[in-house]
Amino acid sequence: MINEVDENDTGKIEFYEFLDVYERHLLISQEDNEEDTIMAFVAMGGNSDKSGCINTERLIQVIRNDFEMTIDIEKLIEVIDADNSKSIDYDEFKSIFSNVGINNF
């Protein structure tokens, strides 16, 4: 593993090499999270190209009944449904998992 990141063959990982590995790790992690979010969006009724919307009533039903979560889902929807459309687009859905989202309700 050291050989993979040791660009100057010193047998040691220098700080800039460590940062490069860390940055690659973060990018892979973000890509995995994005894929998981897209899959959840599609499972709720959205499209894999991030188009379409999720009906808020369906989201409430899944959160309450299927996952039996005790969060204030109506309040969360009120916060993330910025255009008050009663449907959640991909960006709004993604925000559920951010600092604005589920952990605060």
Side-chain angles (χ1 to χ4, degrees):
M1 182 171 167
I2 290 176
N3 292 338
E4 292 175 24
V5 296
D6 184 16
E7 294 175 4
N8 53 5
D9 295 321
T10 62
K12 300 176 185 176
I13 298 175
E14 296 177 28
F15 186 67
Y16 76 92
E17 294 166 331
F18 168 78
L19 289 178
D20 186 50
V21 171
Y22 183 71
E23 183 177 295
R24 282 188 260 160
H25 172 73
L26 286 178
L27 288 174
I28 290 169
S29 189
Q30 289 171 348
E31 289 171 5
D32 289 346
N33 288 341
E34 180 81 6
E35 288 175 23
D36 290 344
T37 304
I38 292 170
M39 287 182 359
F41 183 69
V42 169
M44 294 292 298
N47 301 318
S48 60
D49 65 355
K50 303 178 192 175
S51 66
C53 293
I54 298 169
N55 180 285
T56 56
E57 292 302 317
R58 168 107 171 99
L59 182 59
I60 291 168
Q61 183 264 326
V62 168
I63 295 293
R64 281 202 182 130
N65 300 330
D66 296 349
F67 292 116
E68 298 179 351
M69 297 177 76
T70 59
I71 65 169
D72 186 350
I73 186 62
E74 287 87 357
K75 178 74 170 165
L76 178 57
I77 289 171
E78 183 181 313
V79 170
I80 64 170
D81 186 17
D83 58 2
N84 295 314
S85 63
K86 302 291 184 206
S87 61
I88 305 297
D89 65 27
Y90 180 76
D91 289 331
E92 292 169 334
F93 183 74
K94 186 176 175 179
S95 74
I96 292 172
F97 306 102
S98 72
N99 291 336
V100 172
I102 209 163
N103 294 327
N104 295 317
F105 294 87

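Since we're looking at a predicted model, the values are computed, not measured.
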Would a 4.5 Å heavy-atom cut-off, applied to side chains only, mark Cys53 and Asp89 as touching?
yes

Go through the steps for Asp91 and Ser95 under the test side-chain hydrogen bond (donor to acceptor under 3.5 Å, both in side chains), then give the verdict.
CA-CA 6 Å; Asp91 289 331; Ser95 74; over 6 Å; no

Roughly how far, to the nearest 0.5 Å, is the CD atom of Glu34 from the CG atom of Asp36?
10.0 Å

For the CD atom of Glu92 and the CG atom of Leu59, what is their distance to the nearest 0.5 Å?
11.0 Å

Are the side chain of Asn47 and the backbone N or O of Lys50 linked by a donor-acceptor pair below 3.5 Å?
no

In Å and rounded to the nearest 0.5 Å, what is the CD1 to NZ distance from Ile88 to Lys94?
15.5 Å

Determine whether a donor-acceptor pair (N or O, by modelled atom type, separation under 3.5 Å) exists between the side chain of Asp81 and the backbone of Lys86.
yes

So, do Ile80 and Leu76 sit near enough that their side-chain heavy atoms are less than 4.5 Å apart?
yes

Identify whether Met39 and Ile54 are in the same connected component of the hydrophobic contact network (ILVMFWY, side-chain heavy atoms under 4.5 Å).
no

In this structure, CD1 of Ile63 is separated from CE of Met44 (nearest 0.5 Å) by 7.0 Å

Classify the ring geometry of Phe41 against Tyr90: parallel below 30°, tilted from 30° to 60°, perpendicular beyond 60°.
perpendicular

Approximate separation, where rounding is to 0.5 Å, of Asn55 CG and Gln61 CD
10.5 Å

